[in-house]
Amino acid sequence: MHVDFDAELWIWDARRDESWTFVSLPADASEEIRQLTGGRRRGFGSVRVRVRLGTSVWQTSIFPDSGRGAYVLPIKKSVRRAEGLDEGDIAAVSVEVIDA
């Protein structure tokens with residue numbers, strides 16, 4: 001499964017001092033991923049993905065966030081620097097599920 005979307009970068013409130021930055025996947029895509037993975041999950045309910053954001057490509061995991069009703073994707077500091085992004089910026093993101 002492959003999802004392309006635009007999303008705003010936000011910092012996780014519980015870890016603001018550590019600058020954990022995320023984007024939220026669309027709710028409909030999150031539901032499709034839940035159905036596709038059929039409950040097969042890793043720690044914290046994570047699902048392994050391949051991500052493209054600008055010229056940056058990497059593998060990581062997305063995590064369910066019940067408060068947002070969607071999966072969230074961590075955006076590494078090295079990627080934010082390489083792509084010139086900061087909290088509040090909108091990024092074009094491509095996510096491919098590799099755990100299916």
Output every pair passing salt bridge (charged side-chain N to carboxylate O under 4.0 Å, His left out) with a member in residues 55-64, not counting sequence neighbours, ordered by first then second residue.
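Not a single pair qualifies under salt bridge (charged side-chain N to carboxylate O under 4.0 Å, His left out).
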
Who passes side-chain contact (heavy atoms from CB on, under 4.5 Å) against E83, sequence neighbours left out?
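Result, side-chain contact (heavy atoms from CB on, under 4.5 Å) vs E83: L53, T55, S56, V79, L85.
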
All side-chain contact (heavy atoms from CB on, under 4.5 Å) counterparts of D65, not counting sequence neighbours:
W10, R68, V72

So, for [X] and [Y], which heavy atoms are closest and what is the spacing to 0.1 Å?
X: S30; Y: L25; result: OG-CB, 3.7 Å
X: A7; Y: S24; result: CB-O, 3.8 Å
X: H2; Y: D4; result: NE2-OD1, 3.4 Å
X: M1; Y: A29; result: CE-O, 3.7 Å

Rounded to the nearest 0.5 Å, what separation is found between the [atom1] atom of [X] and the [atom2] atom of [Y]?
X: E96; Y: I98; atom1: CD; atom2: CD1; value: 7.5 Å
X: R52; Y: W58; atom1: CZ; atom2: CH2; value: 10.5 Å
X: Y71; Y: E31; atom1: OH; atom2: CD; value: 9.0 Å
X: W20; Y: I11; atom1: CH2; atom2: CD1; value: 13.0 Å

Determine yes or no for a side-chain-to-main-chain donor-acceptor pair under 3.5 angstrom, with T21 supplying the side chain and I75 the backbone.
no

Is there side-chain contact between L36 and V47, with heavy atoms separated by less than 4.5 Å?
no

Quick one: are P74 and W12 in side-chain contact, heavy atoms under 4.5 Å?
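No. Closest side-chain heavy atoms not under 4.5 Å.
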
Worked check of side chain to side chain contact (heavy atoms under 4.5 Å, CB included) between V49 and T60
CA-CA 6 Å; V49 295; T60 189; 4.0 Å; yes

